[in-house]
There are 2 protein chains.
Amino acid sequence: MAIMRDIAELHEPEALARLVSYRIRLVQIAAYKTFEARVSGHGPAPRYYGMLKLIEANPGVPQARLAEAIFLDRSSLVPILQELEREGWLERRAAPQDRRVRRVFLTPEGAGRLVALERAVEEHEARLTAGLSAEDLETLHRLLLRLDDNLRDVQAGRV
Amino acid sequence: MAIMRDIAELHEPEALARLVSYRIRLVQIAAYKTFEARVSGHGPAPRYYGMLKLIEANPGVPQARLAEAIFLDRSSLVPILQELEREGWLERRAAPQDRRVRRVFLTPEGAGRLVALERAVEEHEARLTAGLSAEDLETLHRLLLRLDDNLRDVQAGRV
DNA sequence: TATTGTTATACTCTATAACTATA
DNA sequence: TATAGTTATAGAGTATAACAATA
């Protein structure tokens with residue numbers, strides 16, 4: 001990184017600055033990079049925090065349902081689960097009633113480690129949302145959920 | 001895609017649903033995929049729409065400044081610019097006053113094609129933000145910009 | 001016939017390191 | 001010494017296609 005160089009920022013045209021899709025993309029890229037840079041000591045888990053919380057809340061979820069929930073092809077999920085299983089975060093058990101299925105569970109150790117990871121996530125969240133009032137946060141959630149709904153309509157072909 | 005299968009959705013725990021970072025990540029992934037799926041006929045340009053608008057607003061920007069603006073290493077930008085140059089969107093000219101620098105400009109053809117692309121972008125934006133009032137949009141922008149500011153503070157080491 | 005999990009494979013995107021030419 | 005652009009290279013992360021097992 002240069003230190004003494006003149007860093008005149010580029011002009012961001014109004015047609016760009018006005019786009020919610022553009023701003024959300026920039027914020028999410030920066031938030032993700034910041035999170036990965038700040039959180040260490042949890043192995044490969046931080047990037048899968050959301051998935052691990054979903055497994056915790058849905059013990060025994062089949063791999064295919066999990067893949068859908070996080071918008072991944074089920075083949076893409078395989079090496080991820082294999083790594084997290086190898087590292088002791090989760091385990092997979094064959095389902096007796098449908099022997100095609102493997103059900104995913106957190107290990108007790110994984111559940112414990114997830115508590116520590118959650119603290120790091122909450123710290124990151126606090127830095128991200130610093131200065132927002134409780135009302136701001138509620139409004140932001142409401143608006144983001146509306147965007148989410150709109151996108152589901154598009155994906156479902158309803159729009 | 002299965003059609004008749006039972007698609008019981010996973011339970012999303014409150015600790016996850018409450019996270020702005022989680023919701024923004026999901027929305028941005030879905031928005032980006034929707035955009036890529038819907039916009040065709042513009043070659044490789046759609047994913048670089050933001051960068052092309054920045055070039056348009058900052059004609060002659062050096063490659064290195066452009067890379068910083070979109071959070072890319074300058075080496076990562078090279079093949080992108082080469083492709084867009086090959087496809088006629090932009091051109092690069094050596095800077096006489098500093099012969100290390102190559103200045104980036106839209107071609108007249110690129111500027112024209114960007115108008116058509118912009119229409120597609122605006123349609124996507126309209127689908128994304130459907131149902132939001134003008135006041136909602138203004139609030140959303142204000143809150144997202146605050147998140148952006150917070151992240152810049154973190155990246156600059158001020159937090 | 002359809003679904004689940006898996007493998008092999010390839011493609012996209014990105015960063016790092018090393019190089020050159022310039023300043 | 002530092003910066004700009006480039007190349008070679010490697011590593012993530014992802015999807016597609018094909019397969020066996022099972023429903």
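Each chain gets a letter, A, B and so on, in the order the sequences are listed, and its residues count up from 1. The basis for the numbers below is simple: all heavy atoms, side chains too, and nothing from hydrogens, waters or symmetry mates.
Counting non-hydrogen atoms of other residues, nucleotides and ligands closer than 6.0 Å to CD of A/E36 gives a total above 12.
Between B/Q97 and the phosphate of C/dA23, there is no side-chain N or O to OP1/OP2 separation shorter than 4.0 Å. Considering only side-chain N and O atoms, B/S75 lies nowhere under 4.0 angstrom from the phosphate OP1 or OP2 of C/dA15. Taking only side-chain nitrogens and oxygens, B/R100 never comes nearer than 4.0 Å to OP1 or OP2 of D/dT6. Applying the 4.0 Å criterion to OP1 and OP2 of D/dT6, one finds that B/R92 has a side-chain N or O inside that range. Residue B/R65 places at least one side-chain N or O closer than 4.0 Å to OP1 or OP2 of D/dA4. Contact annotation: A/R74 side-chain N/O to C/dT4 OP1/OP2 distance is not under 4.0 Å. Phosphate proximity of C/dT14 to A/K33: absent, as no side-chain N or O sits under 4.0 Å from OP1 or OP2.
Straight-line distance from the CD atom of B/E85 to the P atom of D/dG5: 13 Å, rounded to whole Å. Spacing between atom CG of A/L66 and atom P of C/dT6 amounts to 12 Å, rounded to whole angstrom units. One interatomic measurement links the two molecules: CG of B/L77 to P of C/dT16, which rounds to 15 Å at whole-angstrom precision. Computed from coordinates, the A/E68 CD to D/dA15 C1' distance equals 16 Å when rounded to whole Å. A straight line from CZ of A/R102 to C1' of C/dT3 spans 16 Å, rounded to a whole angstrom. One atom, CD of B/Q63, and another, C1' of D/dT3, lie 13 Å apart when rounded to the nearest Å.
The 5' end of DNA chain D is approached more closely, in terms of each residue's nearest nucleotide, by B/V101 than by the other of B/V101 and A/D73.
Taking 4.5 Å as the limit, some side-chain heavy atom of B/R38 sits within range of a side-chain heavy atom of A/V154. No side-chain heavy atom of B/L19 sits under 4.5 Å from any side-chain heavy atom of B/R23.
Nucleic acid contact class of A/Q82 (heavy atoms, under 4.0 Å, all strands): sugar-phosphate only.
For the pair A/E91 and A/R93, the salt-bridge criterion is met [side-chain N within less than 4.0 Å of a carboxylate O].
One N or O on the side chain of B/E125 and one on the backbone of A/V20 form a donor-acceptor pair closer than 3.5 Å.
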